[in-house]
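Notes to accompany the following structure.
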Amino acid sequence: MNKFIKISAITLAASTAMGGAAYAGNLADPVVEDPVYAPAPAPVPVSGDWTGFYTGLQLGYGDVDGPGVLDGDNGTYGFHAGYDYDLGNYVIGGELDYDKTDIDLNNGAANVDSVARLKFKGGYDLGNTLIYATAGAARADTSLGDETGPFAGIGATYKITDRYTVGAEVLHHKFDDIGGVAGADADATTFTVRGSLRF
């Protein structure tokens with residue numbers, strides 16, 4: 001009997017100790033870790049330096065006003081390549097570009113197939129934006145023959161990153177005696193949007 005009482009007393013003491021430890025643990029304040037926040041990615045800095053080579057594609061619209069009823073318009077598409085030199089507040093440069101088109105003048109009386117240009121540019125550096133004027137010589141390929149004439153215009157380019165830019169350009173062209181035909185003069189206006197890769 002004494003032996004049974006001793007075992008019962010030991011069992012009761014052990015149960016009480018374990019229950020007390022569990023109860024005491026429940027009274028302790030829970031450990032809450034502070035949340036960890038990932039820092040926001042830093043914006044990619046874009047340089048305001050425009051010096052360097054670039055090349056890209058363009059998509060636009062051309063409108064030709066010829067003599068009499070020789071008028072027409074259509075879409076254009078092409079490519080360009082050039083070099084800019086940043087002088088600080090001002091940027092100068094040169095460019096070659098080529099536009100393919102199919103402008104029908106007076107229901108097949110003549111067609112304009114393409115225009116190639118040699119450009120000289122001068123602009124103002126606004127940091128990530130470049131506004132500029134451009135002028136040079138353009139060569140139109142038409143069904144009457146090829147003809148070279150002057151052009152001038154304005155444009156703007158914006159840097160998305162140091163390597164990628166987007167822009168727009170409006171040019172006015174003048175061609176006289178196209179294909180050697182006296183009086184076959186034409187004025188042409190083009191508007192293009194451009195995307196370029198800079199090196």
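Just so you know, residue 1 is the first one in the sequence shown, and it goes up from there.
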Cluster link [X] to [Y], ILVMFWY, side chain under 4.5 Å:
{"X": "Ile103", "Y": "Leu59", "result": "no"}
{"X": "Tyr83", "Y": "Leu197", "result": "yes"}
{"X": "Tyr132", "Y": "Phe191", "result": "no"}

Polar side-chain atom of [X] near backbone of [Y] as donor-acceptor pair, under 3.5 Å:
{"X": "Thr148", "Y": "Arg139", "result": "no"}
{"X": "Thr51", "Y": "Asp86", "result": "yes"}
{"X": "Lys121", "Y": "Val91", "result": "no"}
{"X": "Thr190", "Y": "Gly62", "result": "no"}
{"X": "Asp63", "Y": "Asp73", "result": "no"}
{"X": "Trp50", "Y": "Ile92", "result": "no"}
{"X": "His173", "Y": "Ala188", "result": "yes"}

key: Within 6.0 angstrom of Leu87 CG, more than 12 heavy atoms from elsewhere   = yes

request  = Specify the closest pair of heavy atoms between Ala116 and Tyr98, including all atoms of both residues, with the distance to one decimal.
outcome  = CB-CD1, 4.0 Å

task = Please lay out, stage by stage, how Tyr124 and Tyr90 fare under the test ring-ring contact (aromatic ring centres under 6.0 Å, His included).
result = CA-CA 5 Å; Tyr124 191 74; Tyr90 301 97; 5.5 Å; yes

Sidechain N-carboxylate O distance under 4.0 Å for [X], [Y]:
{"X": "Glu147", "Y": "Lys174", "result": "no"}
{"X": "Asp162", "Y": "Arg198", "result": "no"}
{"X": "Glu169", "Y": "Lys119", "result": "yes"}

message = Test ring-ring contact (aromatic ring centres under 6.0 Å, His included) on Phe53 and Phe199; report intermediate values, then the result.
response = CA-CA 5 Å; Phe53 289 98; Phe199 302 94; 8.0 Å; no

request  = Cation-pi check, Lys100 to Tyr77: give yes when NZ or CZ is under 6.0 Å from the six-membered ring centre and within 45° of the ring axis, no otherwise.
outcome  = no

request  = Decide yes or no on side chain to side chain donor-acceptor pair (under 3.5 Å) for Ser196 and His80, but give the supporting numbers first.
outcome  = CA-CA 8 Å; Ser196 304; His80 56 268; 2.8 Å; yes

